[in-house]
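Following: one structure in structure tokens, then a few remarks.
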Amino acid sequence: MSEPTRFDGHAIAPETEAFLGQTHKLLIGGEWVEGSGEMETLDPATGLALTTFQTGGKAEVDKAVAAARKAFDGAWGRMTVAARTAILHKLARIMEENATLLTELDILDNGMPRFIAGLTTSNVVEMIDYYAGAIMRIEGTTIAPPRHIADETEALTYTLREPVGVAGQIVPWNVPLSTAILKMAPALAAGCTVVVKPSEMTPLSVLALGQMICDAGFPEGVVNIVNGLGADAGAALSEHPGVDKISFTGSTATGKRIIAASMGNLKRVSLELGGKSPVMVMPDADLELAIPGVSMATFFLQGQNCMAGTRIFVHESIHDQLVEGLAGFANSMTLGHGLDMGSMQGPMISDAHSAKVMGYIEGAKAAGATLEAGGEKLDRPGNFIRPTIFTDCTPDMAVTREEIFGPVMAIQKVATTDLDELAAMANDTPYGLSGSVWTKDLSTAHRLVKRIRSGHVSINCHGAVGTNIPFGGYGESGWGREFGNEGLDAYLETKAVTARL
Ligand code: NAD
């Protein structure tokens, strides 16, 4: 194994280099303040340290929540709709100007390939503009007044949509900037103030964003950033009595802890959790579409993707042809540092996560699944696991049932085309986040989609998420929806008002 070199020998932009050299503090009340601890963040493609960053716990979360409350009751709460819209658009323009920095920080911190990081940077700019534009469309309704008042006098009943208050937002490591923005943008548009806790493994892009928020001129305390461990800063935020809402993206196990922690003040809770999404390949599927499409359903973002389609059900009549194509695609994928333009797949986020994924691979072999591609780690620094495909998987195997969060595909051969039977197989999971159906027959496609218990299903594509399209899970994949109007609704309360006239 060769010794790692800085960023695998690739150059980074001067602004990224300068950012890595800075001291990274906590953003509380509009100022960068000292934390009580310090951690190191690594480039997962080389295992080398990128920089250190300061962390906080309960004391810092208390200060951040107090700052957010002050801003909510003060400058942000009083700001006109036009001014709130303008400042969000201004932030989007600053982010656009700093797109290279934001993109490179997510590549370095997370390991994602450049084609994905570039896409997420442009998507988050779009998301801020989208929610800035939605502020003017926050609307209540007029309703017939209650009879006991309307019988006596003229009356008026209407509803107001009001911000839920101070929002705590807890973010995972797999798409750091994107997940932070898809929480912050609707919250700020709704008029909330926020305390964001990035993942301790990927703090950098949100820290850079923090400076852009300061530069855009947001009033102090509207956005606060407290890095730290989940068990410290994350737990303190989720149980804090001054937080009105928690929005969490991460594992189902942590999601359940968040629910328990939220009970003290019955704060509102949104959860975007894990998945084990089904991919249904019908006998008439267009294999030219399905081979790359199903491959990327599993391997996109090195499989560290909540909506990954990892349970493949393929009809026996096309099974061998599809498997041959998928194995060819997997074997052709270039693994490498995300800064490398040709890289299609990056490393696992950490040694521990890589060991977990390799454990599932060894477990699948031992359980009798047939290895068709991959199944091993590259002999180089970083944790690069080859895109891995298993056939002969059965419903009871761990590789079929559990979220692996790595580049591991579990294929089951099916003999039926009965839609109810297929749906029963697809739905044999506690999760329900995503899924896809591959067929040329649109009637079959829509009838099967209707039977799949999942928040987001695609036809002849997979994971077709978009700023304006609601996204979220059934079952143990979560509570609520993000993106689109529903993403904004999640930060609004409804107040009903009746007036005797
Ligand atoms: P994780 O649950 O370990 O951590 C997520 C965040 O929660 C981190 O910021 C972490 O510090 C924090 N945290 C950990 N313990 C906490 C606690 N007790 N209280 C409060 N906060 C705590 O998840 P992860 O490993 O970072 O991310 C991978 C998981 O996220 C996968 O299961 C994946 O499916 C899920 N995910 C879901 C979506 C979605 O939209 N549904 C998107 C991305 C990732």
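All values derive from a computational prediction rather than experimental measurement. Heads up: numbering here begins at 1 and tracks the sequence.
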Quick one: does [X]'s side chain get under 4.5 Å of [Y]'s, heavy atoms only?
X	Y	value
Val222	Leu188	yes
Ile28	Glu60	yes
Pro163	Phe72	yes
Gln302	Phe384	no

Quick check: Phe405 with Trp173 (ring centres under 6.0 Å apart)?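 Centroid distance Trp173-Phe405: below 6.0 Å, so yes.
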Output, in order, the C-alpha distance, side-chain angles, deciding distance and verdict of salt bridge (Lys or Arg N to Asp or Glu O under 4.0 Å) for Glu272 and Arg481. CA-CA 8 Å; Glu272 296 285 351; Arg481 294 292 176 272; over 6 Å; no
Can you sort out the partners of Arg447 under salt bridge (Lys or Arg N to Asp or Glu O under 4.0 Å), two or more places apart, ordered by chain and number?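 Partners of Arg447 under the salt bridge (Lys or Arg N to Asp or Glu O under 4.0 Å) test: none.
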Give me the ring orientation class for Phe300 and Phe115: parallel if the planes are under 30° apart, tilted from 30 to 60°, perpendicular past 60°.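 Plane angle over 60°, so perpendicular.
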Just jot down the ring-ring contact (aromatic ring centres under 6.0 Å, His included) partners of Tyr131, sequence neighbours excluded, or say none.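 Listed in chain order: nothing, the list is empty.
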Carboxylate-amine/guanidinium proximity below 4.0 Å for Asp244 and Arg69: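 A salt bridge is present here (some side-chain N lies under 4.0 Å from a carboxylate O).
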Give a yes or no on whether a salt bridge exists between Lys197 and Asp232, defined as a side-chain N under 4.0 angstrom from a carboxylate O.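 Result for this pair is no, no salt bridge flagged.
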Test side-chain hydrogen bond (donor to acceptor under 3.5 Å, both in side chains) on Thr193 and Lys70; report intermediate values, then the result. CA-CA 9 Å; Thr193 55; Lys70 194 167 168 218; over 6 Å; no
Just checking, Lys245 and Tyr491: is the charged tip under 6.0 Å from the six-membered ring centre and within 45° of the axis?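 Satisfied, under 6.0 Å and within 45°.
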Audit row: Thr252, Glu476, side-chain hydrogen bond (donor to acceptor under 3.5 Å, both in side chains) steps and yes/no: CA-CA 7 Å; Thr252 295; Glu476 294 196 20; 5.3 Å; no
Would Glu482 and Lys183 satisfy salt bridge (Lys or Arg N to Asp or Glu O under 4.0 Å), going step by step from the backbone distance to the final call? CA-CA 8 Å; Glu482 292 187 311; Lys183 296 183 185 306; 2.9 Å; yes
All pairs passing salt bridge (charged side-chain N to carboxylate O under 4.0 Å, His left out) where residues 20-31 contributes a residue, at least two apart: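 Passing the test, one end in residues 20-31: Lys25-Glu34.
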Give the C-alpha distance, both sets of side-chain angles, the deciding distance and a yes or no for side-chain hydrogen bond (donor to acceptor under 3.5 Å, both in side chains) between Ser458 and Ser436. CA-CA 5 Å; Ser458 311; Ser436 54; over 6 Å; no
Any luck finding a side-chain donor-acceptor pair between Asp106 and Ser205 under 3.5 Å?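 Looking only at side-chain atoms, Ser205 and Asp106 do form a donor-acceptor pair, the distance falling under 3.5 Å.
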